[in-house]
Structures are given as structure tokens and as C-alpha cells.
Amino acid sequence: MINSLPVEPLIIADRKFNSRLLVGTGKFSSGEIMRDSIEASGASIVTVALKRASLSGEKDPFADILEYLDAKKFLILPNTAGAMNAEEAVRIARLAAAAGLPQWVKLEIHPDPNYLLPDPVETLAAAEILVKEGFVVLPYINADPVIAARLQDIGCATVMPLGSPIGSNRGIESRAQIEIILEQARVPVVIDAGLGAPSHTASAMEMGADAVLVNTAIAIAEDPVSMAKAFALSVQAGRVYYEMGASRVTKMADATSPLTSFLD
Amino acid sequence: MINSLPVEPLIIADRKFNSRLLVGTGKFSSGEIMRDSIEASGASIVTVALKRASLSGEKDPFADILEYLDAKKFLILPNTAGAMNAEEAVRIARLAAAAGLPQWVKLEIHPDPNYLLPDPVETLAAAEILVKEGFVVLPYINADPVIAARLQDIGCATVMPLGSPIGSNRGIESRAQIEIILEQARVPVVIDAGLGAPSHTASAMEMGADAVLVNTAIAIAEDPVSMAKAFALSVQAGRVYYEMGASRVTKMADATSPLTSFLD
Amino acid sequence: MINSLPVEPLIIADRKFNSRLLVGTGKFSSGEIMRDSIEASGASIVTVALKRASLSGEKDPFADILEYLDAKKFLILPNTAGAMNAEEAVRIARLAAAAGLPQWVKLEIHPDPNYLLPDPVETLAAAEILVKEGFVVLPYINADPVIAARLQDIGCATVMPLGSPIGSNRGIESRAQIEIILEQARVPVVIDAGLGAPSHTASAMEMGADAVLVNTAIAIAEDPVSMAKAFALSVQAGRVYYEMGASRVTKMADATSPLTSFLD
Amino acid sequence: MINSLPVEPLIIADRKFNSRLLVGTGKFSSGEIMRDSIEASGASIVTVALKRASLSGEKDPFADILEYLDAKKFLILPNTAGAMNAEEAVRIARLAAAAGLPQWVKLEIHPDPNYLLPDPVETLAAAEILVKEGFVVLPYINADPVIAARLQDIGCATVMPLGSPIGSNRGIESRAQIEIILEQARVPVVIDAGLGAPSHTASAMEMGADAVLVNTAIAIAEDPVSMAKAFALSVQAGRVYYEMGASRVTKMADATSPLTSFLD
Amino acid sequence: MEQSKLVQIVANGKTFNVREGISLPQFLESINLSIKNVVVERNRIALSPMDAKNTLIEDGDSLEIVRIVAGG
Amino acid sequence: MEQSKLVQIVANGKTFNVREGISLPQFLESINLSIKNVVVERNRIALSPMDAKNTLIEDGDSLEIVRIVAGG
Amino acid sequence: MEQSKLVQIVANGKTFNVREGISLPQFLESINLSIKNVVVERNRIALSPMDAKNTLIEDGDSLEIVRIVAGG
Amino acid sequence: MEQSKLVQIVANGKTFNVREGISLPQFLESINLSIKNVVVERNRIALSPMDAKNTLIEDGDSLEIVRIVAGG
């Protein structure tokens, strides 16, 4: 229903996805709202994280997250958040695969606690190992075209440059660098992090991003289900615009009504 | 179908409209494509212009535009494009009403041929006359909060500040001034002109605009019908976001995944 | 000394001024600091205001402002701040002339107390009267090219579009509209209001503004004298750049060092 | 004379420099113009490059660049442009030192020919070696706070994030990321590349950059000597502003003239 | 048979000589326009379709004949 | 001795009763202002310093007394 | 009855003394976790559910026990 | 007279056959360069001017001869 506008499917690592909106599962107030929001978003790829279990007996509220996600409908994409370096990220990826999740990983290594910006050196090191082990690797990166190219050389399935810091809702702040990444990309580019409003995701798609990932702006909205739909609509709208070729931007006006000699 | 996200209706002069996307009819390559695009846009208000008839016998290609527009489904809103001053604008408005169109008028007076920027003095003069004659007046204005306030004082039913010059596709260039107009508005604010991409209309709605008007970006798209839908989606997305209260924008990151002590 | 870079002089109403930085006298903490800051700014034109005298006997702190301003060194330019309409503005201008100030006036009519945005209708009406009476009129306006053109038609000596609201330090927010004003200008364009940092004034001059007016950012700086110099430097820097023709902006890089085959 | 505004000196690796404007020597039309422009800029640090000598006998036009630069007045800073990887950069740095230049190096490794964006992995590797060998290393980097932090950890004397691609004159495009670098910096931050107008350098200094490097915009100006002065002025202006603490930016206006009850 | 008198009018800025007593619809037909597709302003007064149908051309009339067309 | 008659004027919106025949400078002094530091509009006419010096207050006069102050 | 010997292991950074020969599922149950809801890394090797089920705890084992949770 | 032996070296990627025992300054002169204007890396070791002056070319030497030029 929402997916009513026919756009080209997203293809990552030879797998076809109907939606170009990836959704994160963090920060929702309940499992039910998370499930309904993801449903409303039309997403085909949904991220999850891994976390040390508490051994002191108290129940984790979301410990049963997989009960809310139908692995037949979505690709469940584990991330490596919390990893401080390449080695930890690799271990997390392997744990996720051991748990039966698909051998895909959103590789994110961001030791800085304030801005959660990805460390390119550790990310490259981890990507190299994981690609060799057969993982489909989707690395979260700063908007650095050189790092993006290196990760593609290594064999990553996408690159995921950040628009702005995770959860900041500031939109696309490194537009110029992302344009270069898009121009040079040989794999799908997913803009991740900081996309806080439908105009941000529309704009990302209009620039030519292959997909976007949204989490905070949906999860903490007053009504996450409607917000999820809103983002889904904006992603479609932006993609249609991109596929059609951007409007010509002019300096001067160009009349939409006849102007000459209306009345004497 | 497209209108699947429940948003508050737009009310202008006590009349309720389901869509917050107004569409212009200029520049389409054929009447059929225009009709189908308007249908796809879900618009409730559609603008038309008036033009001196050719007396030399050749047929105007769009002379029969009303055959393509069902006056029961849309409010047909005549504009005064081509008027060089208040007097001409008033005469055009009266002609439109005499022709049986509703006594509504998109008042636009823009003598400058390069940028088609509205003349506030003539616009005020015409608005004063037309409001007194009972017209519902929707004036096209520069993003000038003082002019906007004066037109509201006179009794205009909306104000329609421009995002950027007509047909330029440059988006919202006078954001700061439009924010002031929105803050002070006592009538619906319709952002008109220059909105060239779905992210522009989404952004306009997110700012709190009550509606937007799009023409060029739809009419000259490769596939106007799909583009019309894309704009419709983006308007809904932006409105949902606005009704829900904008996301909190932060300087620093705010993690979406658990970060602490993942592994030893 | 500061004026060491040779730039073309500013000419308003056939009078030549060495500096393209106009300075306002409001908000300084003392007359001495005001005087020294103006000296440091190198300004040739300095604005003052008129205010109802207190009849209750207490002394106005700045009542003796003219003691700090050498009318031989500066053009003392009275403004009409506080006028609520054209008639009041005209009366203020006449009072200033009666007081022996030059028959020049910075015409500003901004009834709105929050944003102090100029009222174009009242401004036009007052300008028409004052020009006829022989005043050199410098109107403060919103960045509206049509109003700018009308004021030039009337015979105003400059137009003074605002960068952003008075005292807001937000810089040039209506860049696109100011570019149109500059393109169409037949008199000097002075960008006024909201210029809060040297980069703002440099940017204004680079765009082709003939001059800028700064007050708040100098007056309330920690060290107004140094800040005045800083603005003076930035104005010169921006003007030099403009006179030389702007740098070519490119999408790609253009190497400054030899790149080919450095080492085997 | 130009350096008339007293600002704090720049200190890099315990060496004090009077000017915060670094100047590159590339692209000037003659040695004399280069020399005079550098003189006019007031720069204390001037970059040069190394290039394979031609063995086919023809004279290099600038082969004698050091004749135009007084090593007593300037720190001659060799760069490693042309290096495709860490190893080449290290060799170039050693050659420069062997030639008697100070053991400082502007480390730049940018294999991509279109955007000349620095490769962080190779840059880190080279920096590690050069710092150990006793070089004062000033690395040219993308505006990536994590890379900036790593280079500081290694012992680099500055970080030099790019504003936009070399020679593009596009100004500071990665403002948000540079703000983070500045916030976290433990060494001076020099903004390099893409600064094409005095407002760009003023803005860089206002943000808190410790210095800027300009080359193309001076070298290819119509009058490089005046442009050099213009940039020097803007750097001082921006620095004064920064040292004084930025102006408070407000949403609403803040009157500079008395407004209340001017006339009855 | 008596020859009908001609009167002079201006329509859309052009001068026309037309038979006295001709109706507005007849005039429009004479220039290949239909009263159904245009709106007419006569001597600065906009005419409703009904009024237009019943209007007789008079000497010195000034007409503006306009169409509703596409516009934004 | 005869008491002088009072006349009523308005200055800056306030009503004042002043002796008939008083000059403008005298009135200003009476309210601690000096003709040198203010500009006066009398009945909507701005007065030059010269005119102001020679002006006599009349019954019903409306004065605006202003200063030149700091402003931007 | 003979008392079973204890072995020492580390799980998620904490030291545990457990009976020799206990299986991994048994150990998890002893700390109120179910093998169905967690993933385990033993001595840096991630265990599949099948492997985990059949694993016996050995002296000196180092375990990481993690859950799949919400994340962006 | 005995003919001097030739040795083969590579400079800036090109092969040169030079007399055995020639000094680096002599070699540079032979290709119209002066030791004063260039910097030389020999077998990956950068040479100071002093070292360069005293260096004798040996068979198989690999030289990089560079200049200091304008750059940003």
C-alpha cells in the first residue's frame, strides 16, 4: 500500500530488497510498538545489536527481541555497536552468525563516546577479516570517500556514510563528501545516522543514495508507527525523484502561467 | 490510497480540503497528462490562469483546460498572473468569477520579467479591493513578514510566500523569514514557488507550512504522474512529522545500541 | 593604516566616502568607548537616533552624544528608529535636519517589536515625501528586490536590505534575494542589520555589496575597539576580493603541487 | 602594518609564529609575484613541494624557488604532495630534510586524482614513522575527528583538516566535523584547502581554527599581492573575533536605537 | 435593400468594424470564437455567460476576450 | 502686582500650565532642559535652533522635545 | 556419596566455581539463563546452538554470554 | 690509452651507462644538473649536500634526483 510507487529494488550482495528504508530497533518504548513501526515502515532490513547478558538474574526488557521480528519477512542485520576495536567487532559478528542470524553484519566501531564517530582504521581491519570469512559486510563510516573506496576494494557489500552523529537528528551535514562517495561508488551507498526528518531522507534519496537507515527519529517519535510511515513515504518520494533525473535548477524564474500582454 | 496517513485537513476560508498539496496546471505537455498528474497528486485545489484569447483564428492548445478538470472534485483557483498592477489583477479576478469559477483568487502581481517576484504594494491594493468584493484572496508574496501581516489584517484567507523564484526549483531560500511568517500567522500559510524536489515540500511542511503549491517540478518531470505522487507522499510525510512535534536536534550523538562493556 | 588596501571609494549622492563600513552608535557602554571604536573602525558615516527627551529631570546617559562625534570627520546620519509609520518618520527626519544635522536620513520604520522588520508600505510613503523635500534617503528594507527597485525609482540614494534581524548576529540569511537586489541595483546597496561577525561583512562585500552597517557586534563586544578594527579589516578584505573578480569555484580539486610521477 | 591587531601568536611544536596565515607557493605566474605576495600576506610559514628533476635538459621554470624565499624570515615547510603511499611520503620528507630544509613536513598523501582527498591509512602510517624520526609532522586530513585524534596520539604537531577539495574555492563544507575536531584538539588545528575567499578564512578563524593555509585563491587572483593582503586581514579579523568570544546569536531582533514612544 | 451601418469597436487591442446591432455571440463567431470558451469584459465590466449572451455590441465598445488556460 | 495669566500646552504628551508670553527657551529651562541639547517640534513644525530661540509659547501649543541619542 | 570437584571459570568477566563435568546448558540454568535466549563464546570461539548444547564446562573456561537486543 | 669501464645505473627511472668511478656531482653535471639545485636519494637513502658531494657512483646505483619547487 505504501509501497505503491514503483521504484527499482535495492540489491545488496545479490539479494533483492523491496524497500530502500532500513530501520533500527533501538530506543522503542516497547516490543509491540517496535514491531508495528517496522511493519509500517515497510522495511526489508532491520538491525539488531548484541549485548552481554546480565548474570545477576534480572530480566532484560528486550532480551526477547527476536520474538517481535519475523526472520522470514526481514533480513535481521546484527550490528557491532559497542566494539572498541576490530577484534571485538569480529567476535561480535561471529557470535551473531553463531546464533543463527544471517552472515551479514553492520560493522560499526566507534570508541568515542560523545559523537560515536566510526574509527576508519579499526573498521578497515575488521572488514578485511570478515569479508574473508564470508560475511556480507556493511560498514558504518564517516563521509570519507577514500575510506569508502578502500572498503569497496576489500569487498564490502555497501558503504554506510553517516549524515550526522547517531541520534542527533541533524540531517546530512557532510553533503559535499557524500556526493563524492556517491559519484565513485561501486556498491550501494546507505546513508546512516542523524537522519531526523522526512525531508532528510527524501534529500538523501534525491542525491542518489541507494538506501537510508533510520532509527532514533522513528523510535522516539510521539507516534512511532505514523512516523515510520512518514519516513517510508519520503524515501519513496526521494527515490522517484532521483530515478526521474533531478529538476533543472535555474537562477531566474520560469513562468508557469502565460505572462505577455494579458490586458491592454 | 496515497492519502493513507491521517493528517488534519486544511481549512481555508471555512472550507475543508483533504490535501495539503496545491497543484498548478502550467507547463504540462498535454491535457491528459495534466489530468492524470493532478489525479495522482491527490490535490484538492488546482490553479488556472486567464489569458487574452487569440483573435487571429489559430487554436490555443490548452484553451479547453476546464474539460480536463472536474469542478466537483477540485476547487479551481484562478490566478492573476500577467497582471502588471492592482487594477489589472482586479479585472482578471472579476473575469474569472464572471466565468463561473468560484470567487476565489490566487492574487499574483509580478511585473519583473526575470524573477517574477511579487510587488507588495500592488498586491496590497488589489487585495483590499477584492476582499471587499467578497473574494477569498490567496496572495502570492515575497517572504516578508510585515507584508504577510498586513494582508492578514486586510482579510486575506491565506498568505503564499515564495520559497524561491517561480520555476527555479531552488527550494526554500528565505527560510528565516518564512519561519517568522509562520510564527505570526493567523491564517494558513501556503509556500509557493521554487519547490523543486520532494525534500523541499517535506521540509516546508515540517517547518509548519499549512500547505504547498507545486507546478513546474511536476509538469516538466519525465513522468509527471509519478512525480505528482512523489510530491504528495512528501507532503504527507512532512505534515505527519510536524503534527507530531519535531525531533529534538542534538549536538552530540545519542546511541541507538547498548554501548557499555560489550566484551571484556 | 588600516585603510591600507586601496579600494574604490564609496559614493552616495555624489559624496565620496573612504570607508565602506558604516557604524551605528547604539549599545556602547560609554561615550568614550563609542568614540574610540568609531575611530578604530575607520568609518566615514555614523548613525544616530532621535528620542523624546525626558521631562522628569533625570539625565539621559547619552544625551550628549554629539560631543563624542566630530561632524567634520564623519557624516552623522540620523535614523528614524521608533517611527511607527511614514508620518512619524518624516517628522523625525525633519527634526534631525532642523537640529543642524545633514539632510540625510536612514529611513527605518519597523513597528513589529519582536523582529524589527521594516514596513515597506510606510517606508515607501515616507521616502517619497522626504526625497521631494530634498533629503538624501537611505531606506532600511527587507531583502525584497521589488521594494528595492521602487525605492530607487522614487529617488532614494541607497537601499539598505537587512541581512537578518537587527542585533541578531545571524549574518546574511536572505542571500538569494540580496543577490537579485545587487544585480538590479542602480544605487549603492548597503547591507544592514544582523551582521555579527567579520566573516559576515566579508561575505557581504564579496557578494558585491557597496557597504555594510555594523552596530551591535561592535558595541557589545568584550573589546569594542579591537572588534571595530576587525570589522574594518574584513570589509576591506571582502571588497578587494570583489573588485578582483571572485575565484572560480570548482567541483573537483585543482592541485597546487606537482603530482605526476614523483618517485618510481 | 597589516599585523596591527594584536592577537595571540601561533605556536606549533614550541615554535612561535606571528602570523596565522600559512601560504602555499603553487600556481603563481612568476617567482617575483610569489615573493611579493608572500611578503604581503605576512605569512610566517610557506610551503614548497619536491619534484623529480627533469633529466632531459630543459629548465624547470620554478626550479630555483628557494631563491625567492628567505629562509630566515619564513619557515619553509616541504609537503609530500605526489606521494602515493606512506613509503613515498617518508622518502620525500627525508629528501627535504637532507636538502637542508627544517625537519618539518606537511604530510599529504592523496592518490585520488580528482578530489585529491587524503588517504587516512597511509597518512597514519607515514606520520608514525616520521614522528619517530624526529620530524615535526603537520598532516593534511579529511575532516574526520577520529583520524585527527589518532594523529595527535601519534605525536603530530598539528592536524590540517580540509575545508573542501584543494583548489576548489568552495570554502568550509564539512563545518560540523571540523567543529568536533576543534572541540577535541590538543594541538593547533590548521584548516587547509578550498578556502577561496576572505570570508572563508575569517569564518575558519571565528570557529576557532588556530590557523589557515591558502594557496590557489591568492596565486591565481588577478592581483595576488592585494589578495594576499586581503586574506591576511580576514585572518586577523576572524581571530580577533574568536579571542573575544563569539557574538550571541539571537532569534529575535535586539534594537540598537531607542524604540519606545518616540512621538505621540 | 438598405445596407447596415458599421460601428467601430476595440477587442483585445485591435480595431474592428462590425454591423450595428450585432450581438456579442455573433461577433465572437465572426472571429471564430465561441461564447462557451471565452470570458468577456466589456467596457471594464466582466460579463457573466448569461449577460454575455444577451449583450449587443455598441459603437465604441472596448472588449477584452480571455480564456481560462493552464497556469501555476 | 498683577499675576500673569497661565496658558496650557502639551509637551511630549504631558500637559503643562505656563505663564503667558514665556519663550520656548524659558520653558525648557523651567523643566531643566537646555535649548542647546534638544530639538523641538512645535505644532508639527520642526524648529531650527534659531527659530527655537525666538519662539514664544502660545496657548494650546503642542511640543515634541527630542534629543539626539545613540542609535544604529 | 563423593563430593564432586569444583572447577573455576570466568563468564562475562566474573569468576564462577562450578561442578566439574557440568554442561554449558546446566551452567546457564544455574544462573537463570536459558540456552535458547543467549549466544555463547567459549575461549574466543563463538558456539552455534548445537555446539553450545553439547559443550561441557572445563576448568579455566572463559565464556562470553550475550543476547540479541534492540539496536540501530 | 686504456678505455675506462662503464657501469650501469638508474636515475629517475631511466638507465644510464656512466664511467666507473665517476662522482655524483660529475654525473649530475653530465646531464646538465648542478648538485646545488637538486637533492638526491641514492639507493633509498637521502643524501645531504655534503654526502652528495663525496659520493662516488657505483654499478647498479638507483638514484632519485629531485628539486624543491612551488607547491601548496
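What you see is a predicted model, and the numbers here were worked out from it, not measured in a lab. Order of the sequence lines sets the chain letters (A, B, ...), proteins ahead of strands, with each chain counted from 1.
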> Just so I understand: if I count every heavy-atom pair under 4.5 Å between each of D/T216, D/D223, D/T201 and chain C, which residue has the most?
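Option with the top pair count is D/D223.
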> Could you give the distance from CG (D/N114) to CG (C/D254), rounded to the nearest 0.5 Å?
12.0 Å
> Find the one option among D/P165, D/P198, D/A202, D/G194 whose heavy-atom pairs under 4.5 Å with chain C are most numerous.
D/P198
> Measure the shortest side-chain to side-chain distance between D/L162 and D/L116 over non-hydrogen atoms and say whether it is less than 4.5 angstrom.
no
> Within this structure, what is the CZ-CD1 distance for the pair C/F28 and C/I65, rounded to the nearest 0.5 Å?
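Rounded to the nearest 0.5 Å, the CZ-CD1 separation comes out at 9.0 Å.
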> Heavy-atom cut-off 4.5 Å, strictly under: side chain, backbone, both or neither for C/N79 against chain D?
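Side chain only.
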> Please report the shortest heavy-atom distance between C/M227 and C/I218, naming the atom on each side.
CG-CA, 4.1 Å
> So for D/D112, is it side chain, backbone, both, or neither that comes closer than 4.5 Å to the heavy atoms of chain C?
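Neither part; nothing is under 4.5 Å.
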